[in-house]
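Lettering follows sequence order; numbering is per chain, from 1.
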Number of protein chains: 2
Amino acid sequence: MIRLAITDDHSLIRSGIAAMLEEMPELLIVGSYANASETLENIKKDAPDVLLLDINLPDTNGIELCKPLIRLLPDLKILALSNHEDTSFVKKMLAQGAHGYLLKNTHRLELITAMKAVLAGEDFLQPQLKSKMLDQLMGKKTRDPFFPKLTRRELEVLSAIAQELTTQEIADKLFISTKTVETHRMNLLSKLGAKNSVGLIRIAMEKGLIGEG
Amino acid sequence: MIRLAITDDHSLIRSGIAAMLEEMPELLIVGSYANASETLENIKKDAPDVLLLDINLPDTNGIELCKPLIRLLPDLKILALSNHEDTSFVKKMLAQGAHGYLLKNTHRLELITAMKAVLAGEDFLQPQLKSKMLDQLMGKKTRDPFFPKLTRRELEVLSAIAQELTTQEIADKLFISTKTVETHRMNLLSKLGAKNSVGLIRIAMEKGLIGEG
DNA sequence: AAAAAAATCAGGGATTACCCTGATTAGACA
DNA sequence: TGTCTAATCAGGGTAATCCCTGATTTTTTT
């Protein structure tokens, strides 16, 4: 008997998945949580074997949620659910202890396959993600790579831009000169292929680099 | 026997809802479409009584899709599915011929209630939306309203800004002067409470006003 | 028909972002 | 120990945004 729990802030998705899997007799849905704190509160008593975890949660993101979850339930298998097919996300999730990563356009069969895989101790990635990551692991340095990696400072500046701060305000906040901030912004523009800060924030939000609902 | 069809670009949501409703014996799921064109192509032969229609579609938005659908199937009841709890969206949907409006955090029971309601010829709105709309209909001018309604032109400008166009480019695109574009942008800034265009896009994306997955 | 809301445009100025070139320093890595 | 990357900073200029005041016309609503 497999015990399953779901964390997603859309109740429709929760009950949808629940209903979809209900007819599997060997499967028992023991939990259904709308956010991170609800998950942390109940997961110990519900004691699922597998958790379907949406990355975009209202209170925390799924990546940060992985570690405390595994501390609570060391044997828990986490299947990340997300819209982002950015490989850096996948890596982060897996690095934080998730055992699988599914896009929300997954099909029923794939979901079941994924659950079986993680329960058997394997990691599961959707084929499309798998090949993308393999391409990246080997030296395939595409000139227009799927996603350039941003440095710590660039991420800080990006986040500050998203908070509608001006160059001067960012400089004060990070204790650096405005010129340095401009350099970082220019590098961001070029790395992300944006024309201006608006594009920067758009891409960042689409890729989930900055806090969104 | 009720014939149901679903249009949503997330296959997980489609099959989730399908599975959720499958156990209802009086209900038959006759169609499952990923986008607008697929819907238009098949809906006549599938002939559903009710269509669950996601507003965010890759090719068109659900609002524009209503009219042609009703032309094809005059008796079709359309239940809009959306994340936006902006009342102007709701109004538009209903004005275009939809019969109900549900947020994606709906529960199973509510979904069933909604279907029964629209089939009985009534309109259905989620209670939270209903009260919000009533507040708006009466003079309840809240000083900090949930969301200011944006005009057609403002939305066009907003979308253009999101596409990283400059004021000049937007002016050319909309055949208006740069000064007019600036006025619209200023009004957007003040309506949405943003400090600059970056904030504009951030809020717009969070509220789902511009194209996102 | 009157009132309200939306869309249009302008002048003019202050601030900010954008973009180039060029350079130094600290830490990582081999 | 040299190479690379990240992070730091500057000068100087162009372009764009932001912000104010003020106004007319068109469309929608009442």
Side-chain angles (χ1 to χ4, degrees), chain A residues 88 139 141 143 145 147-204 209, chain B residues 86-88 91-92 94-96 133 136-142 145 147-204 209:
Chain A
S88 71
K141 289 185 185 174
R143 266 308 142 203
F147 207 72
K149 83 167 173 208
L150 303 182
T151 69
R152 170 184 63 87
R153 226 34 172 173
E154 281 163 357
L155 281 172
E156 286 171 355
V157 170
L158 180 60
S159 162
I161 293 174
Q163 288 165 41
E164 303 172 45
L165 303 182
T166 66
T167 303
Q168 183 61 60
E169 290 167 332
I170 299 172
D172 293 346
K173 180 178 181 176
L174 300 181
F175 303 107
I176 54 182
S177 90
T178 57
K179 279 298 181 182
T180 306
V181 176
E182 287 191 8
T183 302
H184 287 312
R185 186 178 45 228
M186 292 306 299
N187 289 337
L188 283 166
L189 287 174
S190 123
K191 279 189 179 179
L192 300 189
K195 280 176 62 184
N196 53 33
S197 293
V198 162
L200 231 45
I201 263 49
R202 221 182 98 89
I203 294 169
L209 292 179
Chain B
D86 181 0
T87 53
S88 70
K91 281 182 199 161
K92 273 185 204 158
L94 296 181
Q96 292 301 310
M133 290 196 64
Q136 284 201 342
L137 278 179
M138 315 210 229
K140 263 207 179 182
K141 288 184 186 172
T142 47
F147 206 71
K149 82 170 176 209
L150 304 181
T151 68
R152 172 185 60 87
R153 226 34 173 175
E154 282 164 356
L155 281 171
E156 286 172 355
V157 170
L158 181 59
S159 161
I161 292 174
Q163 288 164 41
E164 302 172 47
L165 303 183
T166 66
T167 303
Q168 183 62 59
E169 290 168 332
I170 299 173
D172 293 346
K173 180 177 182 178
L174 299 181
F175 302 107
I176 55 183
S177 91
T178 57
K179 278 298 180 181
T180 306
V181 176
E182 286 191 12
T183 302
H184 287 312
R185 187 179 43 227
M186 291 307 298
N187 289 336
L188 283 166
L189 287 175
S190 119
K191 279 190 180 179
L192 300 189
K195 281 176 61 184
N196 53 33
S197 293
V198 162
L200 232 46
I201 263 50
R202 220 182 99 90
I203 294 169
L209 292 178

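The minimum heavy-atom distance linking Ile170(B) with Ala160(B) is given by the pair CG1-CB, 3.6 Å.
One can place CG of Asn187(B) at 13 Å from C1' of dC9(C), the figure rounded to the nearest angstrom. Between the P atom of dC9(C) and the CZ atom of Phe175(B) lies a distance of 12 Å, rounded to the nearest Å. For the pair Arg185(A) CZ and dA16(D) C1', the interatomic distance rounds to 12 Å; values are reported in whole Å. Rounded to whole angstrom, the span from the CD atom of Glu156(B) across to the P atom of dT8(C) amounts to 8 Å. Atom NZ of Lys195(A) and atom P of dA15(D) are 14 Å apart (whole Å). Between the CD atom of Glu164(A) and the P atom of dA17(C) there is a distance of 12 Å, given to the nearest Å. Protein atom CZ of Arg152(A) is 8 Å distant from nucleotide atom C1' of dA7(D), rounded to whole Å. As a whole-Å value, the separation of Lys179(B) NZ from dC9(C) P is 12 Å.
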Carefully, step by step, assess Leu192(A) and Leu150(A) under the rule side chain to side chain contact (heavy atoms under 4.5 Å, CB included).
CA-CA 9 Å; Leu192(A) 300 189; Leu150(A) 303 182; 4.3 Å; yes
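Candidate nucleotides dT17(D), dC19(D), dT8(D) were compared by shortest atom distance to the side chain of Leu189(B), and dC19(D) ranks first. Between dA10(D), dC9(C), dC19(C), one nucleotide has an atom nearer to the side chain of Ser177(A) than all others, and that is dA10(D). Side-chain proximity of Thr166(A) to the nucleotides dC9(D), dT16(C), dA16(D) is greatest for dT16(C). The listed nucleotides are dC18(D), dA10(D), dG12(C); the one nearest the side chain of Met186(B) is dC18(D). Minimum atom distance to the side chain of Thr151(B) is reached by dA6(C), of the listed dA6(C), dA17(C), dT8(D). The side chain of Asn196(A) lies closest to dC18(C) when the candidates are dA7(D), dC18(C), dT8(C). Closest contact between the side chain of Glu182(B) and the listed nucleotides dC19(D), dA7(D), dC9(C) involves dC19(D).
Ser197(B) comes within contact range of the sugar-phosphate backbone alone, with a heavy-atom separation under 4.0 Å but no base atom that close. Note on Thr167(A): only backbone sugar-phosphate atoms sit closer than 4.0 angstrom, heavy atoms only; bases stay farther off.
A salt bridge does not link Arg202(A) to Glu164(B): none of the charged nitrogens lies less than 4.0 Å from a carboxylate oxygen. Salt-bridge formation is detected for the pair Arg152(B)/Glu156(B): a Lys NZ or Arg NE/NH1/NH2 atom is positioned less than 4.0 Å from an Asp or Glu carboxylate oxygen.
If Gln168(A) and Thr183(A) are placed on DNA chain C by their nearest nucleotide, the residue sitting closer to the 5' end is Gln168(A).
With Leu188(A) as reference, Leu158(A) is the one residue of Leu158(A), Leu155(A), Ile203(A), Thr151(A) to meet the side chain to side chain contact (heavy atoms under 4.5 Å, CB included) rule.
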